[in-house]
There are 2 protein chains.
Amino acid sequence: MTRWKLVLEYDGGAFVGWQRQNNGPSVQQALEEAIHRLSGERAEVQGAGRTDSGVHATGQVAHFDLDKAFEADTVRDALNAHLRAEAVAVLSAEPVAEDFHARFSATGRAYLYRIVNRRPPLVLEAGRAWWAPVPLDAAAMAAGAKHLRGKHDFTSFRASECQANSPVKTLDHLMVTRRGEHIEIEARARSFLHHQVRNIVGTLKLVGQGKWLPEDVRHALAARDRRAAGPTAPADGLYLTEVTYD
Amino acid sequence: MTRWKLVLEYDGGAFVGWQRQNNGPSVQQALEEAIHRLSGERAEVQGAGRTDSGVHATGQVAHFDLDKAFEADTVRDALNAHLRAEAVAVLSAEPVAEDFHARFSATGRAYLYRIVNRRPPLVLEAGRAWWAPVPLDAAAMAAGAKHLRGKHDFTSFRASECQANSPVKTLDHLMVTRRGEHIEIEARARSFLHHQVRNIVGTLKLVGQGKWLPEDVRHALAARDRRAAGPTAPADGLYLTEVTYD
């Protein structure tokens with residue numbers, strides 16, 4: 001048996017999410033079917049993060065086991081050939097130790113959230129970024145973000161359906177940068193709560209619009225109440241960019 | 001009467017091209033219908049460049065005339081509202097002098113050609129860049145591009161259906177740069193021949209693959225024969241990024 005690690009890119013808009021569901025195509029199902037066509041085996045694919053519908057990935061990691069032996073290049077190229085009709089690509093495939101687990105071995109995850117801040121609607125970026133037609137002050141958003149870096153109880157930024165054992169997470173990195181009409185928010189942590197990044201972005205946008213002061217983010221965090229923070233930003237702007245392992 | 005200048009973004013993959021045709025939706029037709037819904041007037045829209053099907057724009061310029069008076073913000077926002085179902089957006093609208101002509105007053109045009117050079121197929125960039133799975137040497141492509149800068153007879157890079165009076169054009173700028181797996185080719189000239197940028201890119205790719213030496217580009221140019229240069233690069237990777245006026 002060989003355990004395989006994949007790095008994946010996908011367009012979240014084409015799927016109901018990472019996880020296999022009855023209501024539409026999932027990334028997991030697309031991969032499991034491609035693996036079956038490659039090998040004849042029915043492998044279960046485990047992802048590092050269960051991205052929601054609409055959330056994109058440029059660096060999702062997954063693992064699965066195969067009895068048959070393959071070259072790494074063959075696994076990557078053959079899966080891509082079988083995935084030709086799907087909005088998912090295998091960026092790399094490599095054999096790993098049998099105790100490697102895409103989700104439980106992960107020591108860090110990185111997300112990018114993209115906002116396009118301009119009055120005209122999005123065309124080339126439609127479905128790939130959050131359209132914000134009202135001018136946003138990215139420097140104020142960056143000042144608000146400072147209050148969220150480090151180890152905190154993130155209950156205010158946690159979806160009600162979140163299944164994590166604890167609302168305490170450590171945000172190692174949270175940066176807001178503007179390049180022209182593009183505002184990018186990068187977040188890194190060992191792990192995230194459900195909707196944590198999207199709830200942070202929805203809150204920082206209130207700061208960017210001037211509805212909130214940067215300090216209000218600290219008060220929202222301290223409240224430990226989802227109603228104290230801002231709305232959930234849309235899935236379209238979110239990208240799982242990297243999963244790291246020791 | 002007011003003459004209006006528009007700056008436009010569009011997804012070329014959604015249209016048969018800039019120009020109104022019988023075989024499918026054109027950018028020109030989408031704009032003319034939106035203008036009619038805004039004003040009740042039947043204006044003809046003139047574009048700076050007649051982009052082919054699949055060619056994108058982030059800075060196409062067009063003009064048209066309206067008898068009724070409007071605020072500039074109204075023209076931009078109302079056209080965008082009427083274009084909501086179309087893959088085109090008005091980035092700006094401004095009244096201009098009555099002798100302004102989007103095409104004939106233009107003194108410069110800039111194009112960007114995007115190649116993604118990686119083995120896995122494109123997902124998030126599908127239809128937005130040329131997928132080149134074989135490793136390309138961008139430095140060699142840049143060396144090849146040098147031979148094309150300046151004033152030359154570009155017959156070797158001209159489509160047979162090109163309607164320009166002369167094959168002599170001056171390429172003010174032609175740069176090849178790599179950032180990671182992305183190779184970008186930027187070209188600037190007063191005007192271009194039909195397919196000139198795509199034929200240049202198709203030729204430079206031969207250099208990038210090592211099939212041609214950089215000097216072979218000079219020989220292809222000197223031949224003044226379309227058959228001496230490389231194939232036409234696909235439309236998907238090409239963007240009309242800017243049109244300049246004095």
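Throughout, a chain's letter reflects where its sequence line sits, starting with A, and its residues are numbered from 1.
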- Would you find more than 12 non-hydrogen atoms of other residues, nucleotides or ligands less than 6.0 Å from B:Glu71 atom CD? no
- Message: For the interface with chain A, which of B:Arg76, B:His56, B:Glu86, B:Arg119 has the highest count of heavy-atom pairs at distances below 4.5 Å?
- Response: B:Arg119
- Query: Going from CD on A:Glu125 to OG1 on B:Thr58, what distance comes out if it is rounded to the nearest 0.5 angstrom?
  - Reply: 10.5 Å
- Task: Could you look at B:Ala93 and say if it's the side chain, the backbone, both or neither that has a heavy atom under 4.5 Å from chain A?
- Result: neither
- Query: How about B:Gln21: does its CD atom have over 12 heavy atoms from other parts shown lying under 6.0 Å from it?
  - Reply: yes
- Query: Side chain, backbone, both or neither: which part of A:Ser92 has an atom under 4.5 Å from a heavy atom of chain B?
  - Reply: neither
- Note on the structure: Heavy-atom nearest pair, A:Val123 first then B:Ala87, reads CG1-O, 3.2 Å
- Item | Heavy-atom contact with chain B under 4.5 Å, split by part of A:Arg84 | neither
- Among the options B:Pro133, B:Pro121, B:Ala81, pick out the one with the most heavy-atom pairs lying under 4.5 Å from chain A. B:Pro121
- For the pair A:Glu9 and B:Arg118, find out whether any cationic side-chain nitrogen is under 4.0 Å from an anionic carboxylate oxygen. yes
- chain B: which of A:Leu83, A:Asp73, A:Val88 shares the most heavy-atom pairs with it under 4.5 Å? A:Val88
- Item | Structural part of B:Asp77 lying under 4.5 Å from a heavy atom of chain A | side chain
- Under 6.0 Å from the CZ atom of B:Arg37, do we count more than 12 heavy atoms belonging to anything else shown? yes
- Message: Are A:Tyr10 and B:Leu124 packed together at the side-chain level, in the sense that at least one heavy-atom pair is separated by less than 4.5 angstrom?
- Response: no
